Amino acid sequence: AALGAIGVQTLVLGNGCGQEVVSFDPQVPGEGDFTGAGFGIVGVVLDLEGFGLTLRIIGNGQLPIDVGCVVINCTTLAAIGAFLKTGMPLTHKCVTVDGSAIASPKNVIVPIGTAISDVFEFAGGFKAEPQKVLYGGPMMGISVPSLDAPIIKNTNAMLAFAENEAKAPKTSSCIKCGACINHCPFGINPTIIAKALKAGDIDTLKECGTTLCMECGCCSYVCPANRP
(Lines give C-alpha, C1' and ligand atoms only; values in the text may rest on other atoms or scores of the structure.)
Protein backbone atom coordinates (compact mmCIF):
# COMPACT_ATOMS: atom_id res chain seq x y z
CA ALA A 1 0.00 0.00 0.00
CA ALA A 2 2.85 2.39 0.81
CA LEU A 3 4.49 1.90 -2.59
CA GLY A 4 1.11 2.25 -4.25
CA ALA A 5 0.60 5.57 -2.44
CA ILE A 6 3.92 6.85 -3.84
CA GLY A 7 2.81 5.80 -7.33
CA VAL A 8 -0.55 7.55 -7.00
CA GLN A 9 0.94 10.77 -5.65
CA THR A 10 3.48 10.86 -8.49
CA LEU A 11 0.86 10.30 -11.18
CA VAL A 12 -1.45 12.91 -9.67
CA LEU A 13 1.31 15.53 -9.66
CA GLY A 14 2.63 14.56 -13.08
CA ASN A 15 -0.75 14.52 -14.82
CA GLY A 16 -2.39 17.39 -12.98
CA CYS A 17 -5.22 15.16 -11.78
CA GLY A 18 -7.83 16.86 -9.65
CA GLN A 19 -8.99 13.73 -7.88
CA GLU A 20 -7.76 10.25 -7.01
CA VAL A 21 -10.23 7.37 -6.94
CA VAL A 22 -9.31 4.00 -5.47
CA SER A 23 -11.52 1.03 -6.20
CA PHE A 24 -11.05 -2.30 -4.43
CA ASP A 25 -12.96 -5.36 -3.37
CA PRO A 26 -13.75 -5.20 0.39
CA GLN A 27 -13.96 -9.02 0.43
CA VAL A 28 -10.28 -9.45 -0.52
CA PRO A 29 -8.01 -9.47 2.57
CA GLY A 30 -5.47 -6.66 2.57
CA GLU A 31 -6.97 -4.54 -0.18
CA GLY A 32 -8.58 -2.27 2.39
CA ASP A 33 -5.09 -1.27 3.55
CA PHE A 34 -5.15 1.36 0.81
CA THR A 35 -7.63 3.36 2.88
CA GLY A 36 -4.83 4.31 5.26
CA ALA A 37 -2.22 5.06 2.63
CA GLY A 38 -3.08 8.70 1.99
CA PHE A 39 -5.50 8.31 -0.92
CA GLY A 40 -8.36 10.72 -1.52
CA ILE A 41 -10.99 7.99 -1.68
CA VAL A 42 -14.32 8.92 -3.17
CA GLY A 43 -15.91 5.54 -2.52
CA VAL A 44 -15.27 1.91 -1.69
CA VAL A 45 -16.67 -0.31 -4.42
CA LEU A 46 -16.11 -3.61 -6.15
CA ASP A 47 -13.31 -3.48 -8.72
CA LEU A 48 -15.55 -3.80 -11.77
CA GLU A 49 -17.66 -0.87 -10.63
CA GLY A 50 -14.74 1.50 -10.09
CA PHE A 51 -15.00 2.98 -13.56
CA GLY A 52 -18.50 4.24 -12.73
CA LEU A 53 -17.27 6.51 -9.93
CA THR A 54 -16.22 9.21 -12.40
CA LEU A 55 -19.56 9.14 -14.23
CA ARG A 56 -17.70 9.57 -17.52
CA ILE A 57 -18.66 7.55 -20.57
CA ILE A 58 -15.91 6.01 -22.70
CA GLY A 59 -17.13 5.90 -26.28
CA ASN A 60 -16.49 3.33 -28.97
CA GLY A 61 -12.80 3.31 -29.88
CA GLN A 62 -11.83 5.55 -26.96
CA LEU A 63 -9.53 4.97 -24.01
CA PRO A 64 -9.97 6.29 -20.44
CA ILE A 65 -7.37 9.00 -21.14
CA ASP A 66 -9.67 10.35 -23.88
CA VAL A 67 -12.21 11.36 -21.21
CA GLY A 68 -9.63 12.69 -18.77
CA CYS A 69 -9.02 9.56 -16.71
CA VAL A 70 -5.90 7.52 -16.01
CA VAL A 71 -6.81 3.95 -15.01
CA ILE A 72 -3.97 1.95 -13.45
CA ASN A 73 -4.06 -1.25 -11.41
CA CYS A 74 -2.45 -1.59 -7.99
CA THR A 75 0.45 -3.76 -9.26
CA THR A 76 1.54 -1.07 -11.71
CA LEU A 77 1.21 1.63 -9.04
CA ALA A 78 3.40 -0.40 -6.68
CA ALA A 79 5.99 -0.91 -9.45
CA ILE A 80 6.08 2.85 -10.09
CA GLY A 81 6.45 3.48 -6.37
CA ALA A 82 9.25 0.92 -6.06
CA PHE A 83 11.13 2.49 -8.97
CA LEU A 84 10.87 5.98 -7.53
CA LYS A 85 11.98 4.81 -4.09
CA THR A 86 14.78 2.41 -5.05
CA GLY A 87 15.58 3.05 -8.71
CA MET A 88 14.86 -0.61 -9.47
CA PRO A 89 12.66 -1.22 -12.53
CA LEU A 90 10.12 -4.02 -12.75
CA THR A 91 12.11 -7.28 -12.77
CA HIS A 92 9.73 -9.83 -11.18
CA LYS A 93 6.08 -10.80 -11.47
CA CYS A 94 3.70 -12.55 -9.10
CA VAL A 95 2.28 -15.39 -11.21
CA THR A 96 -0.47 -17.89 -10.42
CA VAL A 97 0.47 -21.40 -11.63
CA ASP A 98 -2.59 -23.62 -11.80
CA GLY A 99 -4.65 -25.99 -13.94
CA SER A 100 -5.64 -29.64 -13.91
CA ALA A 101 -2.25 -30.74 -15.27
CA ILE A 102 -0.21 -29.00 -12.53
CA ALA A 103 1.09 -31.16 -9.69
CA SER A 104 1.34 -28.40 -7.08
CA PRO A 105 -0.60 -25.21 -7.93
CA LYS A 106 0.76 -22.08 -6.27
CA ASN A 107 1.51 -18.38 -6.56
CA VAL A 108 5.16 -17.65 -7.28
CA ILE A 109 7.42 -14.61 -7.67
CA VAL A 110 9.13 -15.06 -11.03
CA PRO A 111 11.93 -13.08 -12.75
CA ILE A 112 10.71 -11.62 -16.06
CA GLY A 113 12.21 -13.65 -18.91
CA THR A 114 12.05 -17.00 -17.11
CA ALA A 115 11.00 -19.87 -19.39
CA ILE A 116 7.48 -21.14 -18.75
CA SER A 117 8.84 -24.68 -18.51
CA ASP A 118 11.00 -23.65 -15.53
CA VAL A 119 8.01 -22.10 -13.78
CA PHE A 120 5.98 -25.30 -14.21
CA GLU A 121 8.92 -27.36 -12.95
CA PHE A 122 9.08 -25.18 -9.82
CA ALA A 123 5.39 -25.95 -9.26
CA GLY A 124 6.10 -29.68 -9.14
CA GLY A 125 5.88 -30.33 -12.85
CA PHE A 126 2.93 -31.99 -14.55
CA LYS A 127 0.77 -34.71 -13.05
CA ALA A 128 -0.81 -35.24 -16.47
CA GLU A 129 0.35 -34.43 -19.99
CA PRO A 130 -0.76 -30.83 -20.70
CA GLN A 131 -2.90 -30.48 -23.80
CA LYS A 132 -3.28 -26.71 -23.56
CA VAL A 133 -1.22 -24.02 -21.84
CA LEU A 134 -2.49 -20.48 -21.37
CA TYR A 135 -1.02 -17.09 -20.57
CA GLY A 136 -3.61 -15.59 -18.22
CA GLY A 137 -6.90 -16.93 -16.88
CA PRO A 138 -9.37 -19.48 -18.26
CA MET A 139 -11.73 -16.86 -19.72
CA MET A 140 -9.42 -14.36 -21.42
CA GLY A 141 -6.13 -16.26 -21.51
CA ILE A 142 -4.29 -16.87 -24.78
CA SER A 143 -2.76 -20.15 -25.89
CA VAL A 144 1.00 -20.55 -25.56
CA PRO A 145 2.65 -22.22 -28.57
CA SER A 146 5.76 -23.41 -26.73
CA LEU A 147 6.90 -24.06 -23.16
CA ASP A 148 10.08 -22.21 -24.08
CA ALA A 149 8.11 -18.94 -24.16
CA PRO A 150 9.09 -16.51 -21.39
CA ILE A 151 7.28 -14.84 -18.54
CA ILE A 152 6.70 -11.26 -19.68
CA LYS A 153 5.84 -8.06 -17.84
CA ASN A 154 2.06 -8.51 -18.13
CA THR A 155 1.96 -12.23 -17.24
CA ASN A 156 -0.23 -12.76 -14.17
CA ALA A 157 -1.06 -16.45 -14.53
CA MET A 158 0.06 -19.64 -16.27
CA LEU A 159 -2.49 -22.43 -16.67
CA ALA A 160 -1.90 -25.96 -17.93
CA PHE A 161 -4.91 -28.15 -18.67
CA ALA A 162 -5.14 -31.91 -19.07
CA GLU A 163 -7.07 -33.50 -21.94
CA ASN A 164 -10.56 -33.34 -20.39
CA GLU A 165 -10.42 -29.57 -19.85
CA ALA A 166 -8.45 -28.76 -23.01
CA LYS A 167 -10.64 -30.62 -25.47
CA ALA A 168 -13.01 -28.29 -27.29
CA PRO A 169 -16.66 -29.34 -26.79
CA LYS A 170 -18.78 -30.35 -29.75
CA THR A 171 -20.79 -27.40 -31.04
CA SER A 172 -24.33 -27.31 -32.38
CA SER A 173 -26.56 -24.75 -34.05
CA CYS A 174 -27.54 -21.55 -32.26
CA ILE A 175 -30.90 -21.94 -30.51
CA LYS A 176 -31.40 -18.17 -30.20
CA CYS A 177 -31.80 -18.32 -26.41
CA GLY A 178 -30.18 -14.90 -25.93
CA ALA A 179 -27.93 -16.02 -23.06
CA CYS A 180 -24.85 -14.62 -24.79
CA ILE A 181 -26.42 -11.17 -25.14
CA ASN A 182 -27.71 -11.17 -21.55
CA HIS A 183 -24.24 -11.96 -20.18
CA CYS A 184 -22.26 -9.61 -22.41
CA PRO A 185 -20.97 -6.63 -20.38
CA PHE A 186 -21.63 -4.37 -23.40
CA GLY A 187 -24.87 -5.95 -24.62
CA ILE A 188 -23.31 -7.04 -27.92
CA ASN A 189 -25.09 -9.66 -30.04
CA PRO A 190 -22.45 -12.35 -30.77
CA THR A 191 -24.74 -14.23 -33.16
CA ILE A 192 -24.95 -11.22 -35.50
CA ILE A 193 -21.18 -10.83 -35.34
CA ALA A 194 -20.68 -14.52 -36.18
CA LYS A 195 -23.02 -14.33 -39.17
CA ALA A 196 -21.45 -11.12 -40.46
CA LEU A 197 -17.96 -12.51 -40.05
CA LYS A 198 -18.84 -15.68 -41.94
CA ALA A 199 -20.38 -13.61 -44.74
CA GLY A 200 -17.51 -11.16 -44.82
CA ASP A 201 -19.95 -8.31 -44.17
CA ILE A 202 -17.62 -5.56 -42.91
CA ASP A 203 -20.35 -2.89 -42.70
CA THR A 204 -22.47 -5.02 -40.35
CA LEU A 205 -19.44 -5.84 -38.23
CA LYS A 206 -18.85 -2.12 -37.76
CA GLU A 207 -22.49 -1.38 -36.98
CA CYS A 208 -23.06 -4.15 -34.40
CA GLY A 209 -20.32 -3.02 -32.01
CA THR A 210 -17.66 -5.59 -32.79
CA THR A 211 -14.88 -3.25 -31.69
CA LEU A 212 -16.45 -2.99 -28.22
CA CYS A 213 -15.81 -6.68 -27.56
CA MET A 214 -13.15 -7.12 -24.83
CA GLU A 215 -12.88 -10.89 -25.40
CA CYS A 216 -14.00 -11.77 -21.86
CA GLY A 217 -15.40 -15.11 -23.04
CA CYS A 218 -18.72 -14.84 -21.18
CA CYS A 219 -20.74 -15.53 -24.32
CA SER A 220 -18.91 -18.78 -25.04
CA TYR A 221 -19.05 -19.86 -21.39
CA VAL A 222 -22.84 -19.59 -21.09
CA CYS A 223 -23.74 -20.85 -24.56
CA PRO A 224 -25.76 -24.11 -24.31
CA ALA A 225 -24.71 -24.93 -27.89
CA ASN A 226 -21.01 -24.59 -26.98
CA ARG A 227 -20.44 -22.11 -29.77
CA PRO A 228 -17.05 -20.36 -29.59
Side-chain angles (χ1 to χ4, degrees), residues 4 7 23-25 27-31 46-51 58 63-64 70-80 82 89-169 171 180 183-186 188 190 193-194 197 210-223 226-228:
S23 170
F24 62 87
D25 188 342
Q27 300 180 46
V28 176
E31 288 205 9
L46 293 178
D47 286 331
L48 292 179
E49 297 172 350
F51 297 98
I58 301 174
L63 296 172
V70 178
V71 181
I72 298 180
N73 62 49
C74 59
T75 302
T76 301
L77 286 174
I80 294 172
L90 181 65
T91 59
H92 290 67
K93 287 288 294 184
C94 180
V95 179
T96 297
V97 185
D98 205 345
S100 57
I102 299 297
S104 180
K106 59 186 65 180
N107 294 326
V108 296
I109 304 295
V110 185
I112 294 174
T114 302
I116 294 171
S117 56
D118 292 335
V119 179
F120 285 141
E121 184 177 351
F122 184 80
F126 301 119
K127 64 181 180 181
E129 186 67 25
Q131 298 300 311
K132 178 172 286 188
V133 176
L134 299 180
Y135 272 132
M139 298 292 283
M140 298 180 68
I142 59 175
S143 183
V144 178
S146 170
L147 295 183
D148 293 327
I151 296 296
I152 54 180
K153 65 179 182 178
N154 60 348
T155 303
N156 56 16
M158 290 302 313
L159 305 182
F161 296 109
E163 183 176 2
N164 286 342
E165 289 79 13
K167 184 169 57 177
T171 62
C180 55
H183 287 80
C184 176
F186 293 104
I188 300 171
I193 292 177
L197 181 63
T210 306
T211 55
L212 289 175
C213 176
M214 61 181 184
E215 300 180 11
C216 66
C218 288
C219 53
S220 296
Y221 187 78
V222 301
C223 179
N226 296 317
R227 299 185 66 81

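Computed from a predicted structure; not experimentally measured.
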Where [X] and [Y] come nearest, the two heavy atoms and their spacing:
X      : Y      : answer
Ala101 : Ala162 : CB-N, 3.9 Å
Ile152 : Lys93  : O-CG, 3.9 Å
Asn156 : Gly136 : OD1-CA, 3.8 Å
Val144 : Ala149 : CG1-CB, 3.9 Å
Val133 : Ala160 : CG2-CB, 4.3 Å
Cys94  : Ile109 : CB-CD1, 3.8 Å

To the closest 0.5 Å, what do you measure between [atom1] ([X]) and [atom2] ([Y])?
X      : Y      : atom1 : atom2 : answer
Phe161 : Glu129 : CZ    : CD    : 15.5 Å
Ser100 : Lys127 : OG    : NZ    : 7.0 Å
Ser220 : Glu215 : OG    : CD    : 10.5 Å
Glu165 : Lys132 : CD    : NZ    : 11.5 Å
Asn154 : Leu90  : CG    : CG    : 10.0 Å
Ile116 : Thr155 : CD1   : OG1   : 7.0 Å

- Check for a donor-acceptor pair, side chain of Thr114 on one end and backbone N or O of Pro111 on the other, with a separation under 3.5 Å.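 Flag set: sc Thr114 to bb Pro111 pair under 3.5 Å.
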- Task: Kindly write out the residues that satisfy side chain to side chain contact (heavy atoms under 4.5 Å, CB included) with Met214, not counting sequence neighbours, or none if the list is empty.
- Result: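 So Met214 forms a side chain to side chain contact (heavy atoms under 4.5 Å, CB included) with Pro185, Phe186, Cys216.
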- What residues form a side chain to side chain contact (heavy atoms under 4.5 Å, CB included) with Ala123, not counting sequence neighbours? Val97, Ile102, Lys106
- Message: Applying the side-chain contact (heavy atoms from CB on, under 4.5 Å) criterion to Val110, which one of Ile112, Asn107, Val108 satisfies it?
- Response: Val108
